[in-house]
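So the structure is just underneath, and the comments pick up after that.
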Amino acid sequence: SYGCDVVIIFTEEEEGLVVKSWNLMKKDAAEWGLKFFLKIFEIAPSAQKIFPFLRDSNVPLEQNPKLKPHAKSVFVMTCEAALQLRKAGKVVIRESTLNKLGTVHSKYGVVDEHFEVTKYALLETIKEAVGEIWSPEMKKAWSVAYDHLVAAIKSHMNPQS
Ligand code: HEM
């Protein structure tokens with residue numbers, strides 16, 4: 001598993017900041033999810049080629065029905081990671097789920113740079129969504145949760161060649 005026995009200190013305040021901002025976005029999750037991924041593709045157009053359902057489709061990007069669910073998964077799983085970091089000091093995901101996530105992301109050629117661009121776009125999207133309650137502390141809390149989630153996924157991916 002990832003991270004050995006290291007316990008991450010993630011405070012109740014940090015958890016609260018993630019939950020509070022996610023609650024503001026949740027009812028429009030599909031729309032924010034779409035914005036999120038459009039940001040990713042704006043920064044890294046080649047990332048579109050990673051997604052089979054975008055590669056093989058004639059539908060305009062923003063109308064592709066499969067894009068929003070993936071975007072929402074990233075949000076929801078990052079938020080869940082924050083809850084677990086607070087509760088257990090680590091990201092807890094079922095081994096079978098992690099194996100699946102590791103396999104899928106390796107298979108489609110997702111590399112470190114994709115996770116980095118995605119992190120940047122995620123934070124930018126939350127910033128836009130929450131408006132004036134955005135703060136360095138909120139950014140930090142989402143960053144830490146995302147980084148630990150990605151570390152867990154990467155620990156189940158094949159090494160990059
Ligand atoms: C599939 C989550 C980052 C590309 C998936 C699935 C989930 C998921 C839940 C479905 C797995 C299944 O089939 O059961 C996440 C999370 C991420 C993340 C939580 C970050 C924290 C990324 C990034 C990329 C990416 C950065 C590429 C830019 C894909 C692709 C698939 C996939 C290509 C397969 C699409 C398909 O099923 O057709 N991801 N993902 N993911 N993800 Fe991600």
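This one's a predicted model, so the numbers in the text were calculated from it and none came from an experiment. Counting starts at 1 for both ligands and their atoms, following the listed order.
Remark: ligand 1 atoms within the under-4.0 Å shell around heavy atoms of Val150 are 21 (C). Near Thr118, meaning under 4.0 Å from any of its heavy atoms, are these atoms of ligand 1: 26 (C). Counting atoms of ligand 1 from 1 in the listed order, those under 4.0 Å from a heavy atom of Phe53 are 35 (C), 38 (O).
The protein atom (non-hydrogen) at minimum distance from atom 19 (C) of ligand 1 is Met77 SD, 3.7 Å. Counting protein heavy atoms only, atom 30 (C) of ligand 1 is closest to Phe51 CE2, 3.7 Å. Nearest protein heavy-atom neighbour of atom 33 (C) of ligand 1: Ile50 O, 3.5 Å.
To the nearest 0.5 angstrom, Ile126 atom CD1 is 10.5 Å from Trp32 atom CH2. Atoms CG and NZ, from Leu54 and Lys49 in turn, are 12.0 Å apart once rounded to the nearest 0.5 Å. The line from CD of Glu128 to NZ of Lys35 is 4.0 Å long, rounded to the nearest 0.5 Å.
Aromatic ring pairs are classed by plane angle as parallel below 30°, tilted from 30° to 60° and perpendicular above 60°; the pair Phe75 and Trp142 is perpendicular.
Clustering ILVMFWY residues whenever any of their side-chain heavy atoms sit less than 4.5 angstrom apart, transitively, puts Leu98 in the very cluster that holds Tyr146. Both Trp134 and Phe36 belong to a common hydrophobic cluster when Ile, Leu, Val, Met, Phe, Trp and Tyr are linked at side-chain heavy-atom distances under 4.5 angstrom.
Checking His148 against Gln84 by side-chain atom types alone, no donor-acceptor pair falls below 3.5 Å.
At a 3.5 angstrom cut-off on N or O pairs, Lys100 counts as close to ligand 1.
Distances shorter than 2.8 Å separate atom 43 (Fe) of ligand 1 from the protein N/O/S atoms His70 NE2, His105 NE2.
Ring-centre distance between Phe51 and His70: below the 6.0 Å cut-off.
Put simply, atom 10 (C) of ligand 1 has no protein non-hydrogen atoms near it, under 4.0 Å away. The protein reaches atom 38 (O) of ligand 1 closely, with a heavy atom under 4.0 angstrom from it.
In this structure, the side chains of Lys119 and Asp147 come closer than 4.5 Å at one or more pairs of heavy atoms.
Among residues two or more places apart in sequence or in another chain, the side-chain hydrogen bond (donor to acceptor under 3.5 Å, both in side chains) test is passed with Glu132 by none.
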